[in-house]
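Working notes for the structure below.
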Amino acid sequence: MRMSQMFSQTLREAPGDAETTSHALLLRAGFIRQLAAGIFTAMPLARRTLTRLENIMREEMNAIGGQEITMPVVHPAELWQETERWYQIGSEMGRFKDKNLRDMVLGMTHEEVVTDLARKEIQSYRQLPRLIYQIQTKWRDDPRPRAGLIRVREFTMKDSYSLDADWEGLDKQYRAHYQAYFNIFHRCGLPVIAVKSDVGMMGGKLAHEYMYLTPIGEDTLLLCDACSYSANRQIAAFRKQAAPMEQPLPIEKVATPETKTIAALAEFLSIPASRTAKAVFMVAKVPEGQVTVDKLVFAVLRGDMELNETKLANALKASELRPAHDEEIASIGAVPGYASPVGIDPASLGYSDQTPLPLVIIVDDLIPQSSNLVAGANEAGYHLRNVNYGRDYTAHLVADLTAARDGDGCPRCGSPLRTVRGVEVGNIFKLGTRYSDAMGATFLDKDGKEKSIIMGSYGIGSGRLMACIAEEHNDENGLIWPVTVAPYHVHLVALVGKDSEETRQQADKLYTDLQAAGIEVLFDDRDESPGVKFNDADLIGLPVRITVSQRSLQQGSVEFKRRDRKEKFLVSLDAAISRAQQELDTLRSEIQAKVVPVPYED
RNA sequence: CGGGGCGUAGCGCAGUCCGGUAGCGCACCGCGUUUGGGACGCGGGGGCCGGCGGUUCGAGUCCGCCCGCCCCGACCA
């Protein structure tokens, strides 16, 4: 490609709203342009990188038996109603009506369409296992797009779906993806870790997320350096420090003026926060069939713990959670700041006039193991000492509700956990029969019985992957693309002075010869000063730069420079092509050395 | 959805407090000079100052409503 002909330009200054490195550099180097919040155009350079990423994904998917298909972006709503996700997913789903006023969905993922395909195509166990995948546009109307390509609304995803006759088959395909995904990221030069994760809106049994660790990440992960336990904070377990059980003492009401927070209460009574119980009120949307019911949730945690909303939502099977308003709290007779489960009878409350919302009382699993806690008295300015679960109150549910924190004990080995931030670049889910049951995707097994197809789904966002690679590989001058995903291999810079027609001709010839040798070249043939050309080359970040100038030609040579190194060196014109091949091969083998088997962690 | 910030030329910004015919740098076009780390001279083009409404003789500037974009949080893959 001749830069004089290229559609995109570089920018000297990044737009002011680009705050993350990858966003600013991709904009400045002319890779991406924004159309609206979370909606971007891939310009020619980005398009080439994306194609390379996607081809790596194709190779790895094909290697584990994947067959590429393309499913529609627009789906009839009926499919999503069959699985009830039409009712469970909120404003994140793009919905519209076609000209016949039929409800339609913009695909945010493709389980429904795959399951519909499977129930039509698959009749026999002889047709299983299968693995299909596509690289397709998704629309998820995220309430808050951010950081350039890291979190967007419209994006391209490689999504694959496994279909199996038995659970062993699913496990096999899941493990095949587990390694194939590491291969993909490693071949793209992106270091990642796999962590156990929440299944979220996908439903299903087990999930891992592939995390690129970076401070700009929006997920918090807990890692154990001792035993390699790793999990998203949303589901991370940890060893809770249970206090020794004591003989239950009689309840005692104490005046505790102006102690609306746990910290204030603990200080006022001179006790550790772990001797208190904390009340957290939320309103949960809980799907019941085709309707969603709002429920007031009264969650009780030990005072030194923090609520993990994902764990709470999972325990309640809630699709949405929000903090309750004070009026809602008051409606059950609790007093905000001094709320207590004591004296609130879970059985007597329900769909009554006093309580517009049905109530669910749920306690953290540490609470039944904690004796003589201080809890609210449901009266402003008063608390109760020696409150004991079971004796003084009970709950509808007991579950793990608390968020793991930095330094908490690893659930496996007890060593302190460490928190890091990460961006999720891929995920794998064991869906099981969540979709095939709902949509009647069955097959006839060997034994003549009709069974549900067992499914898995697996995704990698290509734009986010490109952004993470940009975030990882750059310096103060610009991007530094791994050779496997660089838009071109070589940046050929021609420094053509006034009286150097020969330089121009040599550069043109080298451009043609490099391409003839199968090397992809970006040729800076523009009428620009050397400074501009070198700065643009650094900004765009192709792996190898070759400079042709009168100065080097006088020695019969051209100048080579690797983008990731400082050194420059001269190579004779005759040897330029083979040296370029050699440099690229070296770069390729440096990356290939990182593509290694990764032990499976369940 | 809550909190904060910002919308003036392709990009970065000034001008808004205190109303009086819209500016700077880069980029862009033409001519000439220049060519190893963001050159120089001369001459040019480009703006419904986010939108609508109001106040005023007069609004980029004051008032109201709306929209868009960014950041933090909630949420989410």
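Numbered from 1 within each chain, the chains take letters A, B, ... in sequence-line order.
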Among the candidates [options], find the nucleotide nearest to the side-chain atoms of [X].
X: Pro530(A); options: rG37(B), rC75(B), rA39(B); answer: rG37(B)
X: Ser549(A); options: rC69(B), rC71(B), rG36(B); answer: rG36(B)
X: Gln9(A); options: rG37(B), rA77(B), rA27(B); answer: rA27(B)
X: Lys568(A); options: rC71(B), rG36(B), rA77(B); answer: rG36(B)
X: Ala36(A); options: rC69(B), rC71(B), rG12(B); answer: rC69(B)
X: Asn535(A); options: rG37(B), rA77(B), rC11(B); answer: rG37(B)
X: Arg545(A); options: rC75(B), rC70(B), rG37(B); answer: rG37(B)
X: Glu424(A); options: rG38(B), rG25(B), rA77(B); answer: rA77(B)
X: Glu559(A); options: rG36(B), rG37(B), rC69(B); answer: rG36(B)
X: Asp219(A); options: rC76(B), rC69(B), rC26(B); answer: rC76(B)

Tell me which nucleotide, if any, is Watson-Crick or G-U wobble paired with [N] when both distances must be under 3.5 Å.
N: rG12(B); result: rC24(B)
N: rG19(B); result: none
N: rU34(B); result: none
N: rA74(B); result: none
N: rU61(B); result: none
N: rC69(B); result: rG5(B)
N: rG45(B); result: none
N: rU55(B); result: none

Under 4.0 Å between a Lys/Arg side-chain N and an Asp/Glu carboxylate O for [X] and [Y]?
X: Asp159(A); Y: Lys138(A); answer: yes
X: Asp364(A); Y: Lys311(A); answer: no
X: Arg504(A); Y: Asp525(A); answer: no
X: Glu209(A); Y: Lys196(A); answer: no
X: Arg47(A); Y: Glu54(A); answer: yes
X: Arg153(A); Y: Asp141(A); answer: yes
X: Glu583(A); Y: Arg545(A); answer: no
X: Arg140(A); Y: Glu154(A); answer: no

Problem - Donor-acceptor pair (no angle test) under 3.5 Å: Arg551(A) side chain, rG37(B) base - result: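 Check fails, no donor-acceptor contact within cut-off.
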Handout entry: rG38(B) base / Glu528(A) side chain donor-acceptor hit below 3.5 Å
Key =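 Under the 3.5 Å cut-off, the side chain and the base do not form any donor-acceptor pair.
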Would you kindly give the [atom1]-to-[atom2] distance between [X] and [N], to the nearest whole Å?
X: Glu218(A); N: rC71(B); atom1: CD; atom2: P; answer: 10 Å
X: Glu306(A); N: rG73(B); atom1: CD; atom2: C1'; answer: 14 Å
X: Leu149(A); N: rC70(B); atom1: CG; atom2: P; answer: 12 Å
X: Leu25(A); N: rC11(B); atom1: CG; atom2: C1'; answer: 16 Å
X: Ile150(A); N: rA77(B); atom1: CD1; atom2: P; answer: 17 Å
X: Arg140(A); N: rC76(B); atom1: CZ; atom2: P; answer: 12 Å
X: Arg151(A); N: rC69(B); atom1: CZ; atom2: C1'; answer: 16 Å
X: Leu553(A); N: rG36(B); atom1: CG; atom2: C1'; answer: 13 Å

Mind checking if [X] touches a base, just sugar-phosphate, or nothing, with heavy atoms under 4.0 Å?
X: Arg146(A); result: sugar-phosphate
X: Ala147(A); result: sugar-phosphate
X: Pro143(A); result: base
X: Val152(A); result: base
X: Val496(A); result: base

Exercise for the section: Look at Arg144(A) and rC72(B) and indicate whether a side-chain polar atom (N or O) is within less than 4.0 Å of OP1 or OP2. Expected result: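 Checking Arg144(A) against rC72(B): at least one side-chain N or O falls below 4.0 Å of OP1 or OP2.
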Exercise for the section: Could you tell me whether the phosphate oxygens of rU35(B), OP1 or OP2, come under 4.0 Å of any side-chain nitrogen or oxygen in Ser529(A)? Expected result: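 No, because none of the side-chain N or O atoms of Ser529(A) sits under 4.0 Å from OP1 or OP2 of rU35(B).
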Handout entry: Closest-nucleotide ordering on RNA chain B, the 5'-leading residue of Leu539(A) and Asp527(A)
Key =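 Per heavy-atom nearest nucleotide, the more 5' residue is Asp527(A).
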Exercise for the section: Please tell me which of Lys533(A) and Leu11(A) maps to the more 5' nucleotide of RNA chain B, matching each residue to the nucleotide holding its nearest heavy atom. Expected result: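 In this pair, the answer is Leu11(A).
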Problem - Face-to-face contact Phe429(A) to rA77(B) six-ring, under 5.5 Å, under 30° - result: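 Stack criterion not met.
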Exercise for the section: Validate the cation-pi geometry between Arg95(A) and Trp86(A): distance from NZ or CZ to the six-membered ring centre under 6.0 Å, angle to the ring axis within 45°. Expected result: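 Yes, Arg95(A) and Trp86(A) form such a contact.
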Handout entry: Side-chain donor-acceptor pair present, Glu424(A), Tyr210(A), cut-off under 3.5 Å
Key =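 Short answer, no.
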Given the [atom1] atoms of [N] and [M], what is the spacing between them in whole Å?
N: rC66(B); M: rC1(B); atom1: P; value: 12 Å
N: rG37(B); M: rA77(B); atom1: C1'; value: 43 Å
N: rG45(B); M: rC57(B); atom1: P; value: 36 Å
N: rG10(B); M: rG46(B); atom1: P; value: 13 Å
N: rU16(B); M: rG50(B); atom1: P; value: 15 Å
N: rC26(B); M: rG43(B); atom1: P; value: 15 Å
N: rG25(B); M: rC71(B); atom1: P; value: 31 Å
N: rA39(B); M: rU35(B); atom1: P; value: 13 Å

Problem - Qualifying residues under side chain to side chain contact (heavy atoms under 4.5 Å, CB included), relative to Arg146(A), sequence neighbours excluded - result: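 Arg146(A): side chain to side chain contact (heavy atoms under 4.5 Å, CB included) contacts with Arg144(A), Arg151(A), Glu218(A).
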Problem - The single option from Gln34(A), Arg464(A), Met466(A) passing side-chain contact (heavy atoms from CB on, under 4.5 Å) against Leu149(A) - result: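 Single pass found, and it is Met466(A).
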Detail all sub-3.5 Å separations between protein N/O atoms and N/O atoms belonging to nucleotides 3-8 of chain B.
none

